[in-house]
Amino acid sequence: MIGLIDCNNFYVSCERIFRPDLIGKPVIVLSNNDGCVIARSEEAKELGIPMGAPVFQYKELIEKNNVIIFSPNFNLYGDISWRVMYLLTEKCPNIEIYSIDEAFIDITHQNVKNIYEFGLSLKKYIYKCVGIPISIGFASTKVLAKAANKIAKKFTQKTKGVYVIDNEWKKKIVLRYLSVEDIWGIGKKYTELLNKNGIFKAIDFVKLPDEWIKKNMTINGLKIKYELLGIKCLELEDEIPKKSISVSRSFHNEITNIKELKERISLFIELATQKLRNQKSLCSTIIMYYHTNYFNKREKPIYQQVTIFLDTYTNCPHYIAKKVNKILEKNFINGIKIKKAGIILTNLISQEYNIPPLFTELKHEEQIKLMKTIDEINSKYGRFTIHLAAHNGNIRHKTLCEHLSPCYTTNWSDIIRVKV
DNA sequence: TCTGGGGTCCTAGGGCGA
DNA sequence: TCTGTCGCCCTAGGACCC
């Protein structure tokens with residue numbers, strides 16, 4: 001039996017842990033630059049604020065209903081997520097952490113007598129220890145567990161946040177209830193295609209011939225069909241290192257000069273190589289890109305992308321920044337207004353398997369020692385104590401975040417004080 | 001005026017060597 | 001030596017997820 005645990009309105013719930021006065025009030029969390037809505041409380045959903053909505057389009061509704069706004073505080077959310085996952089692992093060792101707010105558990109080999117009661121106790125435990133409300137769906141496959149979770153969330157009063165699909169009858173009811181757009185793995189495009197062919201519910205989807213599904217929705221579509229029928233096609237996965245690492249940002253004020261762009265890109269490289277070193281990997285290919293504002297219909301959109309193949313594997317920001325800056329100087333189009341830029345590190349290998357090439361300007365032994373020292377200093381005295389000269393070490397620079405909450409659990413100066 | 005960020009997987013199609 | 005076929009590799013693009 002597989003369970004899917006999902007934290008309810010996760011980012012909003014994280015903010016509410018330290019602001020219990022906001023329970024019952026409409027709350028939203030915004031994306032970087034306070035641009036779009038990325039999390040909503042139930043009350044905000046009821047007001048009709050959609051996911052991904054640009055804030056400026058809903059300004060009136062937000063003000064009229066006193067909706068509480070937060071800028072994203074990923075330090076806080078990451079830390080709370082870690083606590084939730086830690087507790088879940090304690091109770092269910094066979095776990096796949098799927099995202100910041102979701103995890104699959106396999107309880108087949110745990111001696112669980114009553115799955116529903118087990119779910120309720122897990123829910124109670126997480127809320128008691130971390131203060132995060134969760135919903136749980138149990139079923140024989142991942143896709144069905146996702147569907148069960150949806151039911152648990154949608155009918156909280158009846159289910160108390162836990163729903164188990166443990167017989168054919170329940171499975172049939174769920175397939176009849178579930179719309180195709182709500183099936184895990186079927187997005188906007190496939191929904192359009194299915195609707196056009198008269199398929200609206202999961203029960204109709206599973207009746208489609210295999211050949212049709214494979215031809216129109218690839219092998220993944222076929223796996224979804226069998227999972228809905230209760231035949232396991234997707235296993236719980238171990239944590240595997242990332243195959244690519246990227247850092248990108250939109251800019252509140254568009255960038256028009258190469259100096260500033262170089263500054264930002266250098267910061268992206270520093271952040272990305274930090275992630276790379278954390279998972280003990282090296283990269284040999286860097287993709288750097290930037291583009292103008294696609295929403296500005298008055299100007300022709302410009303997109304530039306450069307792929308840089310290194311002659312060696314590295315996780316050293318100085319080496320990468322040097323190469324990227326050289327390319328930037330050569331390719332930069334003067335006069336364009338850059339709205340977003342980013343870098344992707346790819347072609348990753350594990351540090352262990354690295355064999356330095358015979359001819360390269362990079363001095364490997366020295367670089368390893370240097371990076372180790374820098375990481376130790378930054379870990380002891382704070383992120384960016386030592387950083388690339390190209391940026392000033394201010395990672396929040398020029399990013400709009402007017403509603404940022406304190407880092408209650410990760411910053412000594414933000415810890416809540418209690419008067420006794 | 002203002003519209004996020006970070007990933008994965010699959011497939012088609014072209015280049016290229018055996 | 002030329003030509004056709006097959007399979008592998010790579011890339012771009014499109015789908016999906018949170």
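Every chain is numbered from 1, with letters handed out A, B, ... down the list of sequences.
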Going by atom types only, do Ser71(A) and Asp34(A) share a side-chain donor-acceptor pair under 3.5 Å?
yes
Could Lys339(A) and Phe251(A) be counted as a cation-pi pair, given that NZ or CZ must be under 6.0 Å from the ring centre and within 45° of the axis?
no
Rounding to an integer number of Å, can you tell me how far Lys243(A) NZ sits from dC16(C) P?
20 Å
Taking OP1 and OP2 of dG6(B), is either one under 4.0 Å from a side-chain nitrogen or oxygen of Ser248(A)?
yes
Lys223(A) NZ - dC9(B) P separation (whole Å):
10 Å
Could you tell me if Glu181(A) and Tyr190(A) have a donor-acceptor pair between their side chains, going purely by distance under 3.5 Å?
no
Asn220(A) CG to dC17(C) C1': how many Å, rounded?
11 Å
Residue pair Lys59(A)/Thr218(A) against DNA chain B: nearer the 5' end by closest nucleotide is Lys59(A)
So what does Asp34(A) hit on the nucleic acid, given a heavy-atom distance under 4.0 Å: a base, only sugar-phosphate, or nothing?
nothing
Rounded off to whole Å, could you give me the CD1-to-P distance for the Ile100(A) and dC18(C) pair?
14 Å
Please classify the nucleic acid contact of Lys214(A) as base, sugar-phosphate, or nothing, using heavy-atom distances under 4.0 Å.
nothing
OP1 or OP2 of dC17(C) sitting under 4.0 Å from any side-chain N/O of Lys146(A)?
no
State, without any angle test, whether Gln351(A) and Tyr313(A) hold a side-chain donor-acceptor pair at a distance under 3.5 Å.
no
How long is the line joining CD of Glu254(A) and C1' of dT3(B), in whole Å?
12 Å
Let me spell it out: for each of Arg298(A) and Ile245(A), pick the nucleotide of DNA chain B with the closest heavy atom. Which residue's pick is nearer the 5' end?
Arg298(A)
Quick note, Ser31(A) side chain, CB onward, closest among dC10(B), dC18(C), dG4(B) is dG4(B)
Sticking with atom P, work out how far dT3(B) lies from dC18(C), rounded to a whole angstrom.
25 Å
Would you classify Ile344(A) as touching base, sugar-phosphate or nothing, given that sugar-phosphate means primed atoms plus P, OP1 and OP2, and contacts are heavy atoms under 4.0 Å?
nothing
With the side chain of Ser246(A) defined as its heavy atoms from C-beta on, choose the nearest nucleotide among dC9(B), dG7(B), dT11(C).
dG7(B)
Determine: side-chain N/O of Lys339(A) to OP1/OP2 of dT3(B), distance under 4.0 Å, yes or no.
yes
Take the protein atom CG of Leu271(A) and the nucleotide atom P of dG7(B), then report the distance between them rounded to whole Å.
11 Å
Would you please say whether a donor-acceptor pair under 3.5 Å links the side chains of Lys45(A) and Asn9(A)?
yes
For the pair made of CG in Asn9(A) and P in dC18(C), what is the distance, rounded to whole Å?
14 Å
Any side-chain N or O of Ser250(A) less than 4.0 Å from the OP1 or OP2 oxygen of dG4(B)?
yes
Atom pair distance, as rounded to whole Å: CG in Leu194(A) and P in dA15(C):
13 Å
